[in-house]
Amino acid sequence: MLLKSFSQSLINNLKPVNRAIVNTTSVRQYATQNKVIHPPRRTYLHNMYENIIQKNRAVFIFQHNNLNVKEFTKLRQELGQLEGGNLSKLTVLRTGVFTATLRQTQYVNMEALISGPTCVLTINNSDSEHPLLMKKAIELLSKNKKLLLLGGKLDDVLLTQNDVLKVVDLPSIDQLRAQVVGTIEAPARKLISTLAQPSTELHSVLDRRI
């Protein structure tokens with residue numbers, strides 16, 4: 001009986017629920033995602049690496065066995081002495097930032113080439129401009145025992161180590177055009193020579209009889 005009286009008293013003392021308050025306070029508030037702000041140095045490197053990837057025809061990746069500043073300076077000087085060497089550049093990479101940059105480009109598959117201490121050779125010449133520059137630059141760096149060619153890209157084509165070595169050995173566009181023209185013209189020259197031979201022989205016979 002006492003329990004019943006207590007329950008009835010508790011019910012009578014309940015106040016009406018203010019639904020407006022419930023609805024307002026029960027709505028889950030989602031925190032907006034904060035924009036990640038990188039340190040200025042990382043932002044600078046990201047922008048530089050994006051320019052390296054997007055604005056150079058040839059990007060060749062090398063693994064380096066802890067070359068020091070003096071050795072890198074010497075290599076850069078030797079590259080600059082090549083014909084058209086001012087169009088080439090050797091850059092030491094911060095691999096973490098470089099791979100993060102690659103993921104935001106169409107060349108994301110190049111990430112597999114990044115292994116250990118890495119540097120990148122960039123060349124930005126046309127096919128007809130200094131056609132031997134790529135070959136000479138690759139040969140120069142490959143002579144250094146502390147450097148290992150891993151691969152890279154030329155225009156929009158991704159290249160393995162073997163691909164790079166094959167591409168730089170190809171003749172220049174002008175040489176290929178000359179070879180194609182020579183191949184096309186060779187049968188015509190032979191035909192003209194064959195057609196001209198009887199008349200030449202006839203003139204020779206007539207000259208002997210006269």
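Start at 1 with the first residue, then count along the sequence.
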Task: Path from Met134 to Leu121 over hydrophobic side-chain contacts below 4.5 Å - done: yes
TODO: Measure the OG-NE2 distance between Ser88 and His130 for me, rounded to the nearest 0.5 Å.
DONE: 10.0 Å
TODO: With the side chain counted from C-beta on, respond yes when Glu83 and Leu132 share a heavy-atom pair under 4.5 Å apart, and no when they do not.
DONE: no
TODO: Would you confirm whether Asn56, through its side chain, and Thr122, through its main-chain N or O, come within 3.5 Å as a donor-acceptor pair?
DONE: no
TODO: May I ask you to decide if Ile53's main-chain N or O and Lys153's side chain share a donor-acceptor pair within less than 3.5 Å?
DONE: yes
- [ ] Check the side chains of Glu71 and His64 for a donor-acceptor pair under 3.5 angstrom, ignoring hydrogens and angles.
- [x] no
Open item on the list: Is there a continuous path of hydrophobic side-chain contacts, each under 4.5 Å between heavy atoms, that joins Leu141 to Val92?
Closed with: yes
Open item on the list: What verdict does the side-chain contact (heavy atoms from CB on, under 4.5 Å) test give for Lys55 and Asn124, after you've listed the backbone C-alpha separation in whole Å, the side-chain angles of each residue and the deciding distance to 0.1 Å?
Closed with: CA-CA 8 Å; Lys55 295 185 178 181; Asn124 207 22; 5.7 Å; no
Task: Whether Tyr49 side chain and Ala100 backbone form a donor-acceptor pair below 3.5 Å - done: no
Open item on the list: Could you work out, with salt bridge (Lys or Arg N to Asp or Glu O under 4.0 Å) as the rule, every residue matching Arg103, not counting sequence neighbours?
Closed with: Glu111
Open item on the list: If the condition is side chain to side chain contact (heavy atoms under 4.5 Å, CB included), which residues does Asn86 pass it with, not counting sequence neighbours?
Closed with: none
- [ ] Determine, using the 4.5 Å side-chain heavy-atom cutoff (strictly less than), whether Leu149 and Leu67 are members of one ILVMFWY cluster.
- [x] yes
Open item on the list: Is there a side-chain contact between Leu158 and Met110 in this structure, where contact means two heavy atoms from C-beta onward sitting under 4.5 Å apart?
Closed with: yes
Task: Flag, side chain of Ser142 to backbone of Leu140, donor-acceptor distance under 3.5 Å - done: no
Open item on the list: Distance check, rounded to the nearest 0.5 Å: Phe98 atom CZ versus Leu113 atom CG?
Closed with: 9.5 Å
- [ ] To the nearest 0.5 angstrom, please state how far the CG atom of Leu90 sits from the CZ atom of Phe62.
- [x] 8.0 Å
TODO: Any chance you could measure Lys74, atom NZ, to Leu79, atom CG, to the nearest 0.5 Å?
DONE: 12.5 Å
- [ ] Output yes when a side-chain donor or acceptor of Lys70 lies under 3.5 Å from a complementary backbone atom of Phe72, and no otherwise.
- [x] no
Task: Arg76 atom CZ: more than 12 heavy-atom contacts under 6.0 Å - done: yes
Open item on the list: I need the Thr99 OG1 to Ile114 CD1 distance, nearest 0.5 Å.
Closed with: 7.0 Å
Open item on the list: Give me the atom names and distance for the closest heavy-atom approach of Asn66 to Pro117.
Closed with: OD1-CG, 3.9 Å
Open item on the list: Could you measure the distance from the CG atom of Leu82 to the CG atom of Leu87? Nearest 0.5 Å is fine.
Closed with: 11.0 Å
Open item on the list: Go through it in stages, so that I can follow the logic: the residues are Ile123 and Arg57, the test is side-chain contact (heavy atoms from CB on, under 4.5 Å), and I'd like the CA-CA distance, side-chain angles, deciding distance and then a yes or no.
Closed with: CA-CA 6 Å; Ile123 300 175; Arg57 285 197 64 214; over 6 Å; no
Open item on the list: Checking the side chain of Arg42 only, and the main-chain atoms of Val97 only, is there a donor and an acceptor separated by less than 3.5 Å?
Closed with: no
TODO: Please check if Tyr107 and Leu154 belong to a single hydrophobic cluster, counting links between Ile, Leu, Val, Met, Phe, Trp and Tyr side chain heavy atoms closer than 4.5 Å.
DONE: no
- [ ] Could you tell me whether Lys89 atom NZ has more than 12 heavy atoms of other residues or ligands within 6.0 Å of it?
- [x] no
Open item on the list: Same cluster or not: Ile138 versus Ile61, using hydrophobic residues (I, L, V, M, F, W, Y) connected whenever any side-chain heavy atoms lie under 4.5 Å apart?
Closed with: no
